[in-house]
Undergrad: 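The structure that follows is given in the form of C-alpha cells.
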Amino acid sequence: MKVVVEDVIRQLDELSVNMVVGGADAPETLQALAAIEKTASEAGRVPAADAAAELKARATGAARTSQEAFEQVITAGIENLRKALEKAEPAASLMSNAIAQDPELIGDFVNEAGEHLATIEAQILILERDPTAHDPLHAAFRGFHTIKGLAGFLDLGDIRAVSHEVETLLDRARNLELVLTPFIIDVVLESADYLRRAIVWMQAGLNGTAGEAPAFDALLERVRAVLEGKHEAAPVAEAEPKAAMETVKAVESAKPEGEVASSLRVDAGKLDYMMDMVGELVIAQSLITHNPEIGGLESGPLQRNLQQLGRITAEVQRVAMSMRMTPVSTLFSRMNRLVRDLTRKNGKKVRLDLIGEDTELDKTIIEQLADPLMHMVRNSLDHGLETPEERIASGKPAEGKLVLSASHQASNILIEITDDGRGLNTEKILKKARERGLVAEGQNLSDHEIFFLIFEPGFSTADVVTDVSGRGVGMDVVRRQIMGLRGRIDIQSARGRGTTFLLRLPLTLAIIDGLIVGVGAERYIMPINSVREMLRPTAEMIFTMEGRAEMAMVRGEQLPIVRLDKRFRIAGARQNPCEALFVVVEAQGRRFCLLVDEMLGKQEVVIKNLGETFRQISGISGGAILGDGRVGLILDVNGVFRETVNA
C-alpha cells in the first residue's frame, strides 16, 4: 500500500501542474491521468482507479467553461482521489472478496499458478548456471505473464503487481537490455517465493483459515530498483549477442505449434473415492472367482466370462491407479532450490544431478516424501560433502556431487541419494552412541548396524548446532515417515568416497503384494518387499541366548526368532519350529525370523483401514479381504521388530 500511495501522490503533483498549465486535453495531462489509473488498478486499488477516471471526465468537461471552474474541478477531484487512496481497499480484502464470490475459480487459479511457479523456479535455476540460455528465460517469462493475466482477471492486485514487474524485468533480459546477475536471480526467486506464499494464503482462505496476507511492498521496491538500473543490474552493450538473440527469437515465432494434449482437473477427493470403489470391485471379483460353488460348475462359457471379468477388473484397477501417479520430477525439482540456497550459505560447491525424473509415483506418497527427502539432502550437504578446500586437500575436485535418482524395481520404486563426500565415520558414530547409552561397552556391531544408529531420536555427530542441522531430529523424522509409507531405508557408505541412502517405497498406498501366512486359525498378510526368504528350519539351526532369547543361525548370521502366536496370543499354533516355517524379514536395517505355521499363497490385496479403535495396535498396519472372503491382518514388520527389541 505504501509504495502505491507514494507513486500516485507523486503523479498527482505532476497532474495538478499539467492541468493548470496545459488544460485537461493536454497530452501531459492525459498521460498523467492514464498513469494514475494504471498504477491504481494494477495494484488492486479500485476506488482510486475509479476516482482517477471520474476526474478525467469532469476535468475534460470543465475545460470548456471557465478557468476558475476548471481549477475548482481539479482541486476537488484531486482531493477526492487522495481520499480514495487513503480509504483504498487493501489487496487482502480484495482477495477475500474474490474468494467469497467465486471460490471454484480461485481454486483453479491456485492450482494453475502453483504449476507455473514450479516451472519458473526450475527454469530460473537453469538460468543461474547459464544466463545465456534463452529457452529457460522464455519459459520463466511466460510463467510470470500467465500468472499476471490470471491475477488481473480475478482482481488480485498484489499478485498482479509483482508478476507484472518481474515479467518486465525478464522481458528486458530477453531483449538483452539486462544481464541476469546473481543479484537479479535472487530478486526473481524472492518474487516467486512471495507469489507462492500468496497462493498458500489464498488456499488457506478457501479452507476458511487465512491469516494476514503476506507483505509485498519491500519486494516490489527491490524489483523496481533493478528496473531503474540500481544495484547490480547492468545493461548489455555488445551488439553481436543481441543480434544473435533476435535471430533466435525470430526462429522461435516461426516454429509451428505442436498438438496440445487435452486434460481435465479432477478433485483429489473424487479420485480417492474412485480408488475405494475400484478396490471394492477387485474384492468382489476375487470373491466370485474363488467361490467354491461357482468353481465347481463345469461350464466353459462361465469360466471364459469369469476370466474376462478378471481381465477387465485388472485393467480398471491399473487405470485408476495411474490417474494418481505423478512424475517424481515435481519432487526432485524442489531440491534444486534447496541445494542452491544452502551452498550459497555454507560456501560449498555442489552439482546436483537428477536421474529418472519421469518415474511415476502415487501423488500421496510424493507429498509425504518431500519432508524426508529435504532432510536427507540437507544432511548430505551439511555433513557429507566437504568444503572446496577439504576436497582439494584430499585429492578430490573442488566441486562436490550430489545425485538424486529414481527407478522402478518390481512393484516398488527405488530412490537413491548419493554424495561423493566424507562417508559415514563409524568410529565417531559408535563413540557418540556409547556416550548416549545406545550401545553397551564391549558390544560389537557391524558397519551396517552402526550406520543405522544415525536414525535414533536425538542422535547427532555434529560438534556445532547450526540452523541447518545438528539437533538430531532430521534423520529420526526420515525413518518414521518412510516407515509410515511402508517403505524401508538402506545405507551404503565408504570412508572418503561418499554415502548412498536407498529408499524403497511402494508405488501406491492403496494396494500391496503380500504373502499370506497361517498361524493357528488366523491369516496374516506380509508385504513382499519386507520378505528376504522363507525356509524350513532344522534343529541344528536353533539355539537360545542367555537361556531365554531364541535365535536361529541362517546363512552364518544369528537372527532373533519372533513367534507370531505369542506376539498376538493365538491358540493352536505349531510350537515345534521344525514343523513350521521361518520367514526372514528386514526392519530398521536388521533381519529376524518370523515363525509361522504355513504359507498359503501370494495375493495382491486392497488395504483397508482398521479405524480409530485398532489404529494403535503395534505390529498391524491394516486389514484386507482375502479371496475366500475372510479378513486377513496386514503385518507391520517394523512394529513387530520394535516390540521384540523392547520386550
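Counting from 1, the numbers follow the sequence of the chain as shown. Source: prediction; values computed, not measured.
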Undergrad: Going through the distances and angles, do Ile288 and Gln285 end up as a side chain to side chain contact (heavy atoms under 4.5 Å, CB included)?
TA: CA-CA 5 Å; Ile288 293 172; Gln285 183 266 335; 5.9 Å; no
Undergrad: If you compare all heavy atoms of Ser286 against all heavy atoms of Gln603, which two are closest, and at what distance to 0.1 Å?
TA: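 Taking every non-hydrogen atom into account, OG-NE2, 4.2 Å.
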Undergrad: Under a 3.5 Å distance rule, please check whether Arg422 uses its side chain to pair with a backbone N or O of His383 as donor and acceptor.
TA: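 A pair under 3.5 Å: yes.
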Undergrad: Taking the side chain from Asp419 and the backbone from Leu402, do they hold a donor-acceptor pair closer than 3.5 Å?
TA: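 Between the backbone of Leu402 and the side chain of Asp419 there is no qualifying donor-acceptor contact (under 3.5 Å).
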Undergrad: Keeping the roles fixed (side chain from Glu579, backbone from Asn576), state whether a donor-acceptor pair exists under 3.5 Å.
TA: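 No: the side chain of Glu579 does not pair with the backbone of Asn576.
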Undergrad: Mind checking what makes salt bridge (charged side-chain N to carboxylate O under 4.0 Å, His left out) contact with Glu121, not counting sequence neighbours?
TA: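 If we apply the salt bridge (charged side-chain N to carboxylate O under 4.0 Å, His left out) test to Glu121, skipping adjacent residues, the hits are Arg196, Arg337.
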Undergrad: Given the rule in the side chain to side chain contact (heavy atoms under 4.5 Å, CB included) test, do Leu445 and Leu430 qualify, once you have shown the distances and angles that lead to the verdict?
TA: CA-CA 9 Å; Leu445 298 178; Leu430 193 57; 4.2 Å; yes
Undergrad: What distance do Leu515 atom CG and Leu581 atom CG have between them, rounded to the nearest 0.5 Å?
TA: 11.0 Å
Undergrad: Tell me whether Arg523 contacts the main-chain N or O of Gly632 through its side chain, where contact means a donor paired with an acceptor under 3.5 Å.
TA: no
Undergrad: Please determine whether the number of non-hydrogen atoms from other residues, nucleotides or ligands lying under 6.0 Å from atom OH of Tyr273 exceeds 12.
TA: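 Counting other residues, nucleotides and ligands, OH of Tyr273 stays at 12 neighbours or fewer.
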Undergrad: Which atoms form the tightest heavy-atom contact between Ala406 and Ile413, and what is the distance?
TA: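 Looking at all heavy atoms of both residues, the closest pair is CB-CD1, 4.4 Å.
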Undergrad: Can you classify the ring geometry of Phe455 versus Phe501 as parallel (below 30°), tilted (30 to 60°) or perpendicular (above 60°)?
TA: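 Geometry flag for Phe501 against Phe455: perpendicular rings.
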Undergrad: Taking only residues at least two apart or on different chains, which pairs with a member in residues 554-565 satisfy side-chain hydrogen bond (donor to acceptor under 3.5 Å, both in side chains)?
TA: Glu533-Arg555, Glu550-Arg563, Asp565-Gln575
Undergrad: Start with the C-alpha gap between Ile355 and Val403, add the side-chain angles, then the distance that decides, and say whether side chain to side chain contact (heavy atoms under 4.5 Å, CB included) holds.
TA: CA-CA 8 Å; Ile355 301 173; Val403 180; 3.7 Å; yes
Undergrad: From Leu505 CG over to Ile489 CD1, what is the distance, rounded to the nearest 0.5 angstrom?
TA: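 Atom-to-atom, Leu505:CG and Ile489:CD1 are 9.0 Å apart.
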Undergrad: Under a 3.5 Å distance rule, please check whether Asp420 uses its side chain to pair with a backbone N or O of Gly498 as donor and acceptor.
TA: no
Undergrad: Do you know which two heavy atoms are closest between Pro537 and Ala580, and how far apart they sit?
TA: CD-O, 3.6 Å
Undergrad: Is the count of non-hydrogen atoms from other residues, nucleotides or ligands lying under 6.0 Å from Arg497 atom CZ greater than 12?
TA: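 No, not enclosed.
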Undergrad: Keeping Arg340 on the side-chain end and Leu125 on the backbone end, is there a donor-acceptor pair under 3.5 Å?
TA: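 No; zero donor-acceptor contacts below 3.5 Å.
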Undergrad: Identify the heavy atoms of Thr499 and Leu424 that sit nearest to each other, and give their distance.
TA: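 In this case the closest contact between Thr499 and Leu424 is OG1-N, 3.6 Å.
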Undergrad: Give me the ring orientation class for Phe451 and His448: parallel if the planes are under 30° apart, tilted from 30 to 60°, perpendicular past 60°.
TA: perpendicular
Undergrad: Val554 versus Met541: any side-chain heavy-atom pair under 4.5 Å?
TA: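 Yes - at least one pair of side-chain heavy atoms lies under 4.5 Å apart.
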Undergrad: Which atom names give the shortest non-hydrogen contact between Asn425 and Lys428, and what distance separates them?
TA: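 Minimum heavy-atom separation between Asn425 and Lys428: OD1-N, 3.1 Å.
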Undergrad: Would you confirm whether Ser322, through its side chain, and Val319, through its main-chain N or O, come within 3.5 Å as a donor-acceptor pair?
TA: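 Confirmed, Ser322 side chain pairs with Val319 backbone.
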Undergrad: Check for a donor-acceptor pair, side chain of Ser530 on one end and backbone N or O of Met526 on the other, with a separation under 3.5 Å.
TA: no
Undergrad: Could you walk me through whether Ile199 and Gln203 satisfy the side chain to side chain contact (heavy atoms under 4.5 Å, CB included) test, starting with their C-alpha distance in whole Å, then the side-chain angles of each, then the deciding distance to 0.1 Å, before giving a yes or no?
TA: CA-CA 6 Å; Ile199 289 168; Gln203 181 65 61; 5.6 Å; no
Undergrad: According to salt bridge (Lys or Arg N to Asp or Glu O under 4.0 Å), does anything in residues 309-336 pair up with another residue at least two apart or in another chain? List the pairs.
TA: Asp272-Arg324, Glu315-Arg318, Arg324-Asp362
Undergrad: Taking Thr330 for the side chain and Thr326 for the main chain, is one N or O donor matched with an acceptor at less than 3.5 Å?
TA: no
Undergrad: Could you please spell out the steps behind the salt bridge (charged side-chain N to carboxylate O under 4.0 Å, His left out) verdict for Arg495 and Glu427?
TA: CA-CA 11 Å; Arg495 287 287 294 275; Glu427 292 85 359; 2.9 Å; yes
Undergrad: Treating Arg434 as the side-chain partner and Gln443 as the backbone partner, does any N or O pair qualify as donor plus acceptor under 3.5 Å?
TA: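 Yes; at least one donor-acceptor contact below 3.5 Å.
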Undergrad: Could you walk me through whether Arg488 and Asp490 pass the salt bridge (charged side-chain N to carboxylate O under 4.0 Å, His left out) check?
TA: CA-CA 7 Å; Arg488 63 189 185 92; Asp490 200 3; 5.4 Å; no
Undergrad: For Leu635 and Pro527, work out which heavy atoms get closest and say how close.
TA: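 Closest approach of Leu635 to Pro527, heavy atoms only: O-CD, 3.5 Å.
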